Chemist: 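Take this structure, written in structure tokens, and hold onto it; I'll ask about it next.
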Number of protein chains: 2
Amino acid sequence: MSGPNTKQRILGAARTLFAEQGFPATSMRQVTALAEVNLAAVSYHFGSKEGLLRELVSACIEPINSERIRLLDEAEAAAQGAPLKLRDLIRIFIEPAVRELSENNKDMPCVFSRLHHEPHPGVEAMMTEILAPTIARFIAASQRILPHRSAEELLIRGHFMIGAMLHLLDFKCEELMPMPGIHAATIADYDFRLEQLVSFCTAGFDG
Amino acid sequence: MSGPNTKQRILGAARTLFAEQGFPATSMRQVTALAEVNLAAVSYHFGSKEGLLRELVSACIEPINSERIRLLDEAEAAAQGAPLKLRDLIRIFIEPAVRELSENNKDMPCVFSRLHHEPHPGVEAMMTEILAPTIARFIAASQRILPHRSAEELLIRGHFMIGAMLHLLDFKCEELMPMPGIHAATIADYDFRLEQLVSFCTAGFDG
DNA sequence: AAACATATTAAACGTTTGTTTCAATCGAAC
DNA sequence: GTTCGATTGAAACAAACGTTTAATATGTTT
């Protein structure tokens with residue numbers, strides 16, 4: 001029994017728990033208990049714990065990534081061969097990920113961030129496989145904007161941008177916030193975060 | 001028997017394995033096998049698996065952190081009350097961590113990075129406890145340098161800097177590198193990485 | 001109504017986990 | 001040389017792990 005869609009419930013519970021505890025520390029019994037389904041349902045629907053992870057990974061990454069491609073296609077078509085503005089390019093890369101933070105499930109970006117750092121070999125390969133075309137296009141576009149910078153400089157700065165973005169996605173406002181003179185609500189605001197990150201990376205890329 | 005110093009061997013093995021696989025995915029049997037010591041030695045010397053983690057955390061963080069404090073004291077004394085240069089302040093924060101990458105055990109920065117993202121509650125508390133004074137001083141110093149920026153802006157940009165730095169520390173050159181026209185040796189060079197990161201963050205902080 | 005693939009259940013599978021036990025061994029102080 | 005605390009060794013502990021099994025229920029097709 002257990003509700004109309006067992007598979008979706010498992011995915012939802014896994015998303016929450018993987019975000020909170022990480023993949024290796026989360027047991028299938030925790031997942032199925034939270035999803036209120038039978039333990040064997042994971043093996044039945046996903047084959048294994050790793051199969052569940054792989055399906056969750058694509059569900060997390062694919063939408064963000066294809067939105068990036070879509071925005072990039074759109075912007076490059078509108079530019080008609082001219083280089084994009086650096087700030088626009090960076091926003092195209094960052095905004096789809098940060099937007100998940102405010103719109104959809106708030107666990108998703110946290111999983112997204114954690115997966116980037118997950119030492120699990122299958123996940124690493126999957127991430128790079130999905131992200132490689134996007135990164136290649138991003139580097140190419142940035143080379144047209146900043147022709148005086150070497151490919152190595154742009155690549156490593158792209159990595160800095162990803163690191164800053166992931167750290168923001170994984171950022172719980174409650175943690176480091178007992179600081180004097182800090183208005184927590186300001187930092188919690190998604191638009192503030194997004195604009196700050198875009199500004200930081202835009203300046204950093206050409207700095 | 002098992003060598004002159006069982007405790008050190010366990011710490012070394014744990015550092016390697018935690019860096020490769022993360023804390024939850026690493027078993028005590030793996031650690032003691034690599035360290036070539038008896039399984040019970042972990043409980044004897046560290047009380048528990050978590051005790052081992054906690055001791056490893058301080059061993060990883062403390063030297064980096066106290067070096068930051070030392071450099072900051074030194075620079076502020078030399079400045080005689082005048083604000084530091086932004087680039088110098090950022091270098092003070094970044095260089096001690098990146099230097100571990102080139103000088104000491106190459107696993108250490110990877111653990112350091114991974115610990116920042118470890119959802120383990122005890123570790124999170126420990127990290128913030130150790131890092132809080134340093135971050136507070138860094139924010140205060142940056143406020144003197146960039147008085148036109150709000151405390152919220154500086155705090156969140158400090159977070160971006162930490163994210164970029166951690167992502168660099170966790171960065172394995174072999175992973176994303178099969179890219180056309182990229183000279184891998186350039187990116188592998190620690191001085192190149194450090195200078196790029198300092199430039200990126202310096203520009204980003206005031207961008 | 002009978003047959004069917006699909007889905008869910010409860011129970012158990014064999015392993016592996018972190019930790020403990022207790023005897024054996026070590027290294028110095030007396 | 002003996003005593004004593006500190007350390008190591010081999011073995012076992014209960015608990016939790018991912019996965020599998022066989023039986024039951026469900027809903028659709030003949």
Side-chain angles (χ1 to χ4, degrees), chain A residues 1-57 59 111 114-115 118-124 126, chain B residues 1-59 111 114-115 118-126:
Chain A
M1 201 76 70
S2 75
N5 200 335
T6 302
K7 207 170 170 182
Q8 291 295 321
R9 303 180 58 133
I10 293 174
L11 282 170
R15 190 172 52 209
T16 301
L17 291 170
F18 290 176
E20 283 175 6
Q21 312 172 338
F23 171 70
T26 301
S27 76
M28 295 292 103
R29 284 170 174 83
Q30 284 180 291
V31 172
T32 53
L34 182 60
E36 297 181 85
V37 302
N38 188 271
L39 173 61
V42 175
S43 293
Y44 179 78
H45 286 284
F46 301 96
S48 65
K49 183 185 183 183
E50 186 164 329
L52 167 59
L53 176 64
R54 295 184 70 85
E55 197 144 327
L56 187 61
V57 170
V111 178
R114 193 141 296 155
L115 287 172
E118 198 79 63
H120 194 96
V123 172
E124 285 183 4
M126 195 171 184
Chain B
M1 202 77 69
S2 78
N5 200 335
T6 302
K7 209 171 170 182
Q8 291 295 323
R9 302 179 59 129
I10 293 175
L11 282 169
R15 189 171 53 208
T16 301
L17 291 170
F18 289 176
E20 283 174 7
Q21 313 172 337
F23 172 70
T26 301
S27 75
M28 301 316 259
R29 283 169 176 82
Q30 286 181 289
V31 172
T32 53
L34 181 60
E36 299 181 84
V37 302
N38 190 270
L39 173 61
V42 175
S43 292
Y44 179 76
H45 285 285
F46 303 96
S48 65
K49 183 185 184 183
E50 186 164 328
L52 167 59
L53 175 65
R54 295 183 70 85
E55 197 144 327
L56 187 61
V57 170
S58 20
V111 177
R114 195 143 294 156
L115 287 173
E118 198 78 63
H120 194 97
V123 173
E124 283 183 5
M126 196 170 182

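Quick caveat: nothing in here was measured; it's all calculated off a predicted structure.
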Chemist: To the nearest Å, how far apart are B:H120 NE2 and C:dG18 C1'?
Modeler: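 Whole-Å distance recorded here is 13 Å.
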Chemist: Return the polar atom pairs (N/O with N/O) between nucleotides 21-24 of chain C and the protein under 3.5 Å, or none.
Modeler:
none

Chemist: Give the rounded distance in Å between these two atoms: CZ of A:R9 and C1' of C:dA7.
Modeler: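 These atoms are roughly 15 Å apart.
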Chemist: I need the CG-C1' distance between A:N5 and C:dT6, as an integer number of Å.
Modeler: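 That distance rounds to 14 Å.
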Chemist: Can you check the B:Q8 CD to D:dT7 P distance for me, whole Å?
Modeler: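 From B:Q8 CD to D:dT7 P: 14 Å.
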Chemist: Could you tell me the separation between the CD atom of B:E50 and the C1' atom of C:dT19, rounded to a whole number of Å?
Modeler: 14 Å
Chemist: Which residues satisfy the side chain to side chain contact (heavy atoms under 4.5 Å, CB included) test with A:E20, sequence neighbours excluded?
Modeler: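 Counting only residues at least two positions away or on another chain, A:E20 forms a side chain to side chain contact (heavy atoms under 4.5 Å, CB included) with A:T16, A:L17.
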Chemist: Shorter than 3.5 Å, N or O on both sides, protein versus nucleotides 14-18 of chain D: list them out with atom names.
Modeler:
| from | atom 1 | to | atom 2 | distance (Å) |
| --- | --- | --- | --- | --- |
| D:dC17 | OP1 | A:S27 | OG | 3.2 |
| D:dG18 | OP1 | A:K49 | NZ | 3.0 |
| D:dG18 | OP2 | A:M28 | N | 2.9 |
| D:dG18 | N7 | A:R29 | NH1 | 2.8 |
| D:dG18 | O6 | A:R29 | NH2 | 2.8 |

Chemist: Sequence neighbours left out, what passes side-chain hydrogen bond (donor to acceptor under 3.5 Å, both in side chains) with B:T32? Give chain and number order.
Modeler: none
Chemist: Measure from CD1 on B:I10 to C1' on D:dT7 and round the result to the nearest Å.
Modeler: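 Rounded to the whole Å, the gap is 11 Å.
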Chemist: Mind checking side-chain hydrogen bond (donor to acceptor under 3.5 Å, both in side chains) for A:E50 and listing every partner two or more places apart, or none if nothing turns up?
Modeler: A:H120
Chemist: Hey, is the side chain of A:T6 poking within less than 4.0 Å of OP1 or OP2 on C:dA7, counting only N and O atoms?
Modeler: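 No, no such contact exists.
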Chemist: Can you name the residues that form a side-chain hydrogen bond (donor to acceptor under 3.5 Å, both in side chains) with A:Q30, not counting sequence neighbours?
Modeler: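 Here the qualifying residues are A:Q21.
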Chemist: D:dT8 phosphate, OP1 or OP2: any side-chain N/O from B:H45 under 4.0 angstrom?
Modeler: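 Yes, within the criterion.
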Chemist: Rounded to the nearest 0.5 Å, what separation is found between the NE2 atom of A:H45 and the CG atom of A:L11?
Modeler: 10.0 Å
Chemist: For the atom pair CE (B:M28) and OG (B:S43), what is the distance rounded to the nearest 0.5 Å?
Modeler: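 The CE atom of B:M28 sits 6.5 Å away from the OG atom of B:S43.
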Chemist: Check the distance between D:dA10's P and B:Y44's OH and give it to me in whole angstrom.
Modeler: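 Rounded to the whole Å, the gap is 17 Å.
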Chemist: May I have the distance from B:N38 (atom CG) to D:dT8 (atom P), rounded to whole angstrom?
Modeler: 9 Å
